[in-house]
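Inspection log for the structure reproduced underneath, given as structure tokens.
Ligands are counted one by one from 1 in listed order, and the atoms in each one are counted from 1 as well.
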Amino acid sequence: MSPTKEYALLCLENPLLALGQIWPRGDNAILAEEKHLGIYEDLLNNYSAKLIAGGGAQNTARGAQYMLPPNSVVYLGGVGDDKYAAILHDAVKQAGLRVEYRVDKKEKTGRCGVVITGHHRSMVTDLGAANHYDLDHLKSPEVWKLVEGATHYFVGGYHLTVCPPAIMALAEEAAKNDKPFVFSLSAPFIPIAFKDALDATAPYWDYVIGNESEALSYAEAHGLETKDIKEIAKHLAALPKANKKRERVAIITQGTDPTVVATNGEVNEHAVHAINPSQITDTTGAGDAFAAGFTAGLVAGAPLAQCVDQGQWLAKLSIQELGPSFPFPKQTY
Ligand code: ADP
Ligand code: MG
Ligand code: MG
């Protein structure tokens, strides 16, 4: 594998301080209302909640850094000027991840309370300052220098709810310089509620990653008359492309079922790394961990099949931890 450039991988999305707590019962995911906002302080002060530098692409950025040489990954997003941001800084420092956060003086850092009950989870999210990321931050000279220095970009689809112009700026930069642009579909509501913004990014996807529910919701939102994951993956791979020097690859994960990979009109399946269910702690963010291992492979110049295998390997490690986390002492692929 080729040596990695410093900060070769630049990631963008919505940073959240995730507070994870094992709990007797529950299974739900909601956006925080006023009455729920007490949960974060409660988890912080009255429980031994695990503090995680969360948000989909920040999980992916930590995971990719886990597999790559030191100083390989930088992550961008918006936070507040508060103790939650300080906790995030501590957490990413431990992970060896460089962050360049846009700091909002008025908004609180985004938080996500995660309560785990057996194989179920309940989540309550307050995006806060993550919702205020802007193009000015991305285009600021220090940050844009990192953009220019990177060889690969990873954008999480949740950022479509925040700042599509920042995504488009990265996408265009990638195509112009023939750098791989990796995009995660992130959640089933994205292709439905943010269809136009998503479609604007589609020509720039060199790699598009999603799970089966995201693939199905993409198909539904776009009137594809199929529920066949392989057909949907083929369709995604064949969408018009801005950078014609690279064939697009569409990757659809399916939990314990094989990962579907479509490119060049062909579809392949890759079995996942099996794990005894008793070893699973929390499957939250398995897809983020998969994307991390996969993208780390791309950055290191690994062949496609190995990138997929690295993704499955890292996801298997992650689901044995609480939240999308990676074990220390470090394991090597
Ligand atoms: P998401 O977290 O986005 O829903 P998936 O559930 O498809 O994504 O999981 C992503 C990847 O994580 C899978 O392709 C697989 O490699 C791994 N994974 C998830 N759940 C399991 C499991 N129970 N056993 C082994 N691997 C798993
Ligand atoms: Mg899943
Ligand atoms: Mg996912």
Side-chain angles (χ1 to χ4, degrees), residues 11 13-14 16 18 20 27 29 52 54-64 66-67 112 114 116 118-121 123 125 154-161 182-192 194 198 207-218 229-230 232-233 236 249-262 267-297 304-327 331 333:
C11 307
E13 210 195 34
N14 311 337
L16 298 171
D27 190 12
I52 297 165
Q58 188 160 237
N59 296 330
T60 297
R62 281 188 294 109
Y66 183 85
M67 292 193 78
C112 176
V114 187
I116 316 292
H119 288 181
H120 302 280
R121 65 190 191 213
M123 297 206 282
T125 301
F154 180 94
V155 174
Y158 285 118
H159 203 69
L160 287 171
T161 73
V182 188
F183 188 86
S184 162
L185 293 175
S186 292
F189 75 87
I190 295 286
I192 295 165
F194 295 86
L198 176 70
Y207 298 88
V208 57
I209 304 177
N211 67 18
E212 77 273 44
S213 1
E214 292 147 17
L216 288 171
S217 103
Y218 182 95
I229 297 297
K230 289 186 189 167
I232 299 168
L236 290 170
V249 183
I251 305 104
I252 308 299
T253 62
Q254 313 187 82
T256 52
D257 287 338
T259 302
V260 170
V261 179
V267 192
N268 286 301
E269 286 186 311
H270 301 252
V272 307
H273 288 214
I275 179 173
N276 186 323
S278 69
Q279 287 176 268
I280 299 177
T281 303
D282 174 19
T283 56
T284 312
D288 301 335
F290 173 86
F294 179 86
T295 308
L304 181 59
Q306 184 184 325
C307 293
V308 174
D309 196 65
Q310 284 194 198
Q312 294 171 336
W313 176 81
L314 192 62
K316 179 184 169 176
L317 291 191
S318 173
I319 62 181
Q320 295 172 62
E321 311 278 317
L322 179 53
S325 302
F326 310 99
Q331 297 191 24
Y333 174 73

Using a strict 4.0 Å cut-off to heavy atoms of Ile280, name the atoms of ligand 1 that fall inside it. 23 (N)
Nearest heavy atom to atom 12 (O) of ligand 1 wins, so pick from Pro188, Ala315, Ala274, Ala271. Ala315
May I ask you to identify the nearest protein heavy atom to atom 22 (C) of ligand 1, giving residue, atom name and distance to one decimal place in Å? Thr256 CG2, 3.4 Å
Between Gln254 and Val260 (side chain of the first, backbone of the second, donor and acceptor by atom type, cut-off under 3.5 Å), is there such a pair? no
Considering heavy atoms of the protein only, find what lies nearest to atom 13 (C) of ligand 1 and give residue, atom and distance to 0.1 Å. Gly255 O, 3.3 Å
Taking Asn211 for the side chain and Gly287 for the main chain, is one N or O donor matched with an acceptor at less than 3.5 Å? no
If we ignore hydrogens and angles and just use 3.5 Å, is the side chain of Asp282 paired with the main-chain N or O of Gly323 as donor and acceptor? yes
How far is atom 19 (C) of ligand 1 from its nearest protein heavy atom, and which residue and atom name does that atom have? Ala286 CB, 3.7 Å
Closest to atom 14 (O) of ligand 1 by heavy-atom distance, out of Leu317, Thr253, Ile251, is Thr253
Quick one: does Gln320's side chain have a donor or acceptor within less than 3.5 Å of a partner on Pro327's backbone? no
Counting non-hydrogen protein atoms only, what is the nearest one to atom 24 (N) of ligand 1? Give residue, atom name and distance. Ile275 CG2, 3.2 Å
Is a side-chain donor or acceptor of Tyr66 paired with a backbone partner of Ser325 at a separation under 3.5 angstrom? no
Based purely on interatomic distance, does Val272 place a nitrogen or oxygen under 3.5 Å from a nitrogen or oxygen of ligand 1? no
Can you check whether Gln306's main-chain N or O pairs, donor with acceptor, with Gln310's side chain at less than 3.5 Å? no
Closest protein heavy atom to atom 3 (O) of ligand 1, given as residue, atom name and distance to 0.1 Å: Asn211 ND2, 3.2 Å
Of all heavy-atom pairs linking Glu321 and Thr281, the shortest is O-CB, 3.6 Å
What atoms of ligand 1 come within less than 4.0 Å of a heavy atom belonging to His273? 25 (C), 26 (N)
With a cut-off of 4.0 Å, which atoms of ligand 1 are near a heavy atom of Thr259? 14 (O)
Within ligand 1, which atoms have a heavy atom of Gln254 less than 4.0 Å away? 7 (O)
When distances are taken from atom 27 (C) of ligand 1, the protein heavy atom at minimum range is Ile319 CD1, 3.8 Å
Considering only non-hydrogen protein atoms, determine which one is nearest to atom 16 (O) of ligand 1 and report residue, atom name and distance to 0.1 Å. Gln312 CG, 3.4 Å
Asp288 and ligand 1 - part of the residue with a heavy-atom distance under 4.0 Å: neither
Option with minimal heavy-atom separation from atom 1 (P) of ligand 1, where the choices are Gly287, Gly210, Ala187: Gly287
For Ser318 and Leu314, indicate whether the former's side chain and the latter's backbone hold a donor-acceptor pair under 3.5 Å. no
Is a side-chain donor or acceptor of Arg62 paired with a backbone partner of Phe326 at a separation under 3.5 angstrom? no
Using atom types as modelled and distance alone, determine if a side-chain donor or acceptor of Thr60 lies under 3.5 Å from a backbone N or O of Asp288. yes
